> 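Okay, handing you the structure first.
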Amino acid sequence: MSNKGGLDLFIKYNKGKKSEIKTENKEINKQENLKKQDNKQKEAQNKKVSNKVKVNEEVKDVDQALLLSVDYDGKSKLAFCRLYDLKTQSIIFWFDNTGHKPYLLTDLSIEELDSKYQKIREHRGFLEYQPIKKYDLIIDKPKDMVKIVADDPLSVGGSRNSIRELIKDHHFESAILYHRSYLYDQHLIPGMLYYIKGGDLRPVKIEIPEDIKNELEDAFKNEKHEFRYELPKYLELFFSPIPSIKRIAFDIEVKSIINKIPDVTAAEDSVICISFVDSEGMKKIYLLEDHNLKDEEREGLKKIDAIIEFYKDEKELIEKAINLVNEYPIVITYNGDNFDIPYLMNRAKKLKIPDNKIPFVRHRDSYSLTKGIHLDLYKFFFNRAIQVSAFSNAYKTMSLESVSSALLKEGKIEIEEEIFDLSYDKLAEYCLQDSELTYRLTSFDNDLVMKLLIILMRITKLPIEDISRSGISNWIKNLFYYEHRYRNYLIPNPNYISQVKSQAATKAIIKGKKYMGAKVIDPVPGVHFNVVVLDFASLYPSVIKEWNLSYETVNCPHKECRTNLIPNTPHWACTKRVGISALLIGLLRDLRVKYFKNKAKDKSLSPELRNLFKIVQASMKVIINAAYGVFGSEIFPLYCLPMAESTSAIGRYAIEQTIKKVESMGLKVIYGDTDSVFIENPTKEQIKELIDWSNKVLGIELDVEKTFRFSAHSTRKKNYLGVYKDGNVDIKGLSGKKRNTPLFVQNAFKEMINVLSKVNRPEEFEQAKKEIKHIVKNVFKKLKNYEYTPEELAFRVAITKPIDKYTVLPQHIKAAKILKDKKGVEIGKGSIIYYLKTRDPAGVQPLELANVKDIDIDKYKETIESTFEQVLDALDIDFDEIKGKKTLDKWM
DNA sequence: GCGGACTGCTTACCT
DNA sequence: ACAGGTAAGCAGTCCGCG
């Protein structure tokens, strides 16, 4: 890469000194010298000096501190870091002492700027022009540019009077937040260890164990040098120690007399209880004193395993609480951005607690702390990439209850009363429990979540607050921006790529989608014995790497690459330069597949090391899994439709070729979806042949993913049942497993699966059929006799948007409206409504109001029928036969 | 003015 | 605010029909 116009252009930044731009252009140098007399710059330089003295003189030397975040301080006009000092277990601040300044880039020359854009020099924040060479990947050429340096970020962009507004269409990198830009330029990596000496911040050197280094170098020995070159840098990210961070979780309860979620802005009700749980084992409850406490409430309070402190007045309680919280480097909440912190803050203001004693800072949609870091776990677990890739969909809704019961295997204590009429001791207990669960969500499995956050920070270069609050596209954007700067590549303006490369060549199957996606093979209906499922190991990332796909390499500017066509499309891929996405995504994929994934399972390693590998591979998985998707998403600043389209087109090509190969070997493909093929009864040799073929011809790893004793397919795609050799069952897409299916149907379905899992040979299906018949008959009988509870009969459907945004009136929304009208209970976006199908005109009743006797038995029968049919179809059993109705052949 | 065919909306799932 | 593909149930509309 270095001799291809990449790294050689990189200008090394000297920490602790003012950065110098080297240029061969003597003319420009002269201009620079002239400029140095510019008063503004002198002023700026003076400021720098005074700032350095002011802010960093008192910074003591620190041996080891974990970089948590980088921010900008408007008062001192400096970027600063928050670090966690391992020795004192507290937050320390480090302010920039390198004289780094905000800037934007332009493709205009200084001459043009001075002749046509004089207003820039007159701008209040203007400091200087600096010529700079950047590398433009899209045209694959170096580019002479000018850096416009300003005194503060707002002068660069973000207001109507910013410099960038003066050079519309000619500004670059101007929308990057200053503290991010600073982080990129200084090569700071959040989540890594630093030390401070003589006021300067430097990375702690990481030693990678020799044997690991050798193993990895060996695993990568056949890769292109561009990939090998990156290896050491990435290894540091994964082998730098992950310290445990001192932290506290808290939760508040508010007094209210009605069953309503308290109004955060008004903050009218008193805060009566605040609980705390910290990483040192402390549990505390602050309670507002109530003189009417009953004896049993006093007794109840005594039983709680926590230090309880009573406060006479609410102001004191809140003051004490915010003081306590403010001592911690990390403060954890569950939905604290939307409730606990704003409520506490507004309440504190109402009680006339002076602003300088309130350590909360309000942002557009979050709250931070003046000193420490606020982590809102609700937002972290809400992140789809985390939910799906890291926790494999273990929790389906984002409530503290559902996340903790899935991850901690322990939900909340059941409370029978509504929160507003809980007794005092129960309220305290309930409050403490929330803090405890919140804390434990960060501590379970050896601090898994904290470690995950830290590794993700290292990979994405994002501060901890951003990792926990922003989505995957922001993560990948930041990773890519960092790597662009690192290599001195020009970061393309958002929309620029899509203006150049936006034409889709394929048509999506789904209306409204932009391009064609994956291929799904029509299943061969029936039961198939000894089915081997082969799948490509992370297909799309492999495709991106092997075919060198990237926003700049797909439809690159070189004539000679045009013949390197992407199958099923008119697009081509570059043959001259390794694409940045191919490099970064390929590297993460390779590290995961070739090393960390296997090592995470290697029993010969120590549990600690295995645990590290587990977390590293999970973090990589999160990034890799989303890497293809973001390039097909308009909101992603490096959005490139042809690249996304090429990726899925090659994916289709790979699976199509594989099917052809399988069939040419005389084998039968039963089913396949995107990256998998189900093969009926292949020999070991045949499997090996296929795997070798794929490696050699497609350049993509094909693995045996699973082997079924038998798999049962109807004609439906994404819908099958597979029984492993050991009797375990894989159920995919079947209604019986869907969350919204009533429990009584789910349970009957489970019984049927249980019967099927015991089938070993085709002959045994006759017996299974009889048992299934019995199950269904029994369900029908119980249904008719109203033997099921309303809970068992309820459909449970998520409300995915505000009630008034629905264009039609689906049943679950009808039920929600009835519940609101009749009971005043509001169920909004993000929650799940429970309802029964009834015979009244509305056709539905919310669970709370439903009577089992009113249910629409025919509707329920249909549900049972369709749920069972999906499996029975596969077994070639007619549902009517199961129901006991006489089938045609019995009449004859 | 009624019913079946059809389209579109919504949710939950698969990769 | 990562992508597209599939199934299922229901709401609403269109069209034909003396």
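A note on names: the letters A, B, ... follow the listed sequences, proteins ahead of strands, and every chain is numbered from 1. The model shown is predicted, which means the values in this text are computed figures rather than measured ones.
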> Counting only N and O atoms by type, is there a donor-acceptor contact under 3.5 Å from the side chain of A:R709 to the main-chain atoms of A:S757?
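Such a contact is found between A:R709 side chain and A:S757 backbone.
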
> Tell me what A:G517 touches on the nucleic acid: a base, only sugar-phosphate, or nothing, going by heavy atoms under 4.0 Å.
sugar-phosphate

> For A:A644, which contact category applies under a 4.0 Å heavy-atom criterion: base, sugar-phosphate, or nothing?
nothing

> Is A:Y860 close enough to C:dG9 that one of its side-chain N or O atoms is under 4.0 Å from OP1 or OP2 there?
no

> What about A:Y671 and A:H528, are their ring centers closer than 6.0 Å?
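No; A:H528 has its ring centre 6.0 Å or more from that of A:Y671.
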
> Would you classify A:I510 as touching base, sugar-phosphate or nothing, given that sugar-phosphate means primed atoms plus P, OP1 and OP2, and contacts are heavy atoms under 4.0 Å?
base

> Mapping A:K519 and A:A627 to their closest nucleotides on DNA chain C, which lands nearer the 5' end?
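Here A:A627 is the residue nearer the 5' end.
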
> Round to a whole Å and report the spacing from CD of A:E645 to C1' of C:dC2.
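Atom CD in A:E645 sits about 17 Å away from atom C1' in C:dC2.
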
> Mind calculating the distance between CD1 (A:I476) and P (C:dC2) to the nearest angstrom?
9 Å

> Counting primed atoms plus P, OP1 and OP2 as sugar-phosphate and everything else as base, spell out the protein contacts along nucleotides 3-13 of chain B at 4.0 Å heavy-atom distance: B, S or - for each nucleotide, 5' to 3'.
-----SSSSBS

> With the threshold set at 4.0 Å, does a side-chain nitrogen-carboxylate oxygen contact exist between A:R469 and A:D365?
no

> Answer with base, sugar-phosphate or nothing: what part of the nucleic acid does A:Y515 contact at a heavy-atom distance below 4.0 Å?
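Sugar-phosphate, no base atom in range.
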
> So, OP1 or OP2 of C:dG9: does either fall under 4.0 Å of a side-chain N or O from A:S866?
yes

> Does C:dG9 have its OP1 or OP2 closer than 4.0 Å to a side-chain nitrogen or oxygen of A:K837?
no

> A:Q811 CD to C:dG9 P: how many Å, rounded?
11 Å

> Students often get this wrong, so: under 4.0 angstrom with heavy atoms, is A:Y720 touching a base, only sugar-phosphate, or nothing?
sugar-phosphate

> Can you pull out the residues from residues 699-716 of chain A that lie within a 4.0 Å heavy-atom distance of DNA chain B?
none

> What is the separation between atom CG on A:D673 and atom C1' on C:dA7, rounded to the nearest whole Å?
13 Å

> On the six-membered ring of A:Y234, is A:K461 placed so that its NZ or CZ lies under 6.0 angstrom from the centre and within 45° of the ring axis?
yes

> Looking at A:Y806, does the NZ or CZ of A:K801 lie under 6.0 angstrom from its six-membered ring centre and within 45 degrees of the ring axis?
yes

> Please assess A:L690 against A:L534 for the test side chain to side chain contact (heavy atoms under 4.5 Å, CB included), listing each intermediate value before the final yes or no.
CA-CA 9 Å; A:L690 276 166; A:L534 296 182; 3.8 Å; yes

> Would A:K477 pass as a cation-pi partner of A:F636, given that its NZ or CZ must be under 6.0 Å from the six-membered ring centre and within 45 degrees of the axis?
no

> Run the side-chain contact (heavy atoms from CB on, under 4.5 Å) test against A:P494 and tell me which residues pass, sequence neighbours left out.
A:P637

> Describe the nucleic acid contact of A:L809 in one word from base, sugar-phosphate, nothing, applying a heavy-atom distance below 4.0 Å.
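Result for A:L809 = sugar-phosphate.
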
> Closest nucleotide of DNA chain C for A:T867 versus for A:I635: which of these residues is on the 5' side?
A:I635

> Counting only side-chain nitrogens and oxygens, does A:S633 get under 4.0 Å of the OP1 or OP2 atom of C:dA1?
no

> Does A:K507 count as lying over the ring of A:Y515, i.e. NZ or CZ under 6.0 Å from the six-ring centre, within 45 degrees of the axis?
no

> Quick one: A:K859 NZ to C:dA11 C1', roughly how many Å, whole number?
12 Å

> Could you go through the side-chain hydrogen bond (donor to acceptor under 3.5 Å, both in side chains) check for A:S399 and A:E401 one step at a time?
CA-CA 5 Å; A:S399 65; A:E401 157 72 28; over 6 Å; no

> For A:Q870, which contact category applies under a 4.0 Å heavy-atom criterion: base, sugar-phosphate, or nothing?
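The residue A:Q870 makes sugar-phosphate contact but no base contact.
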
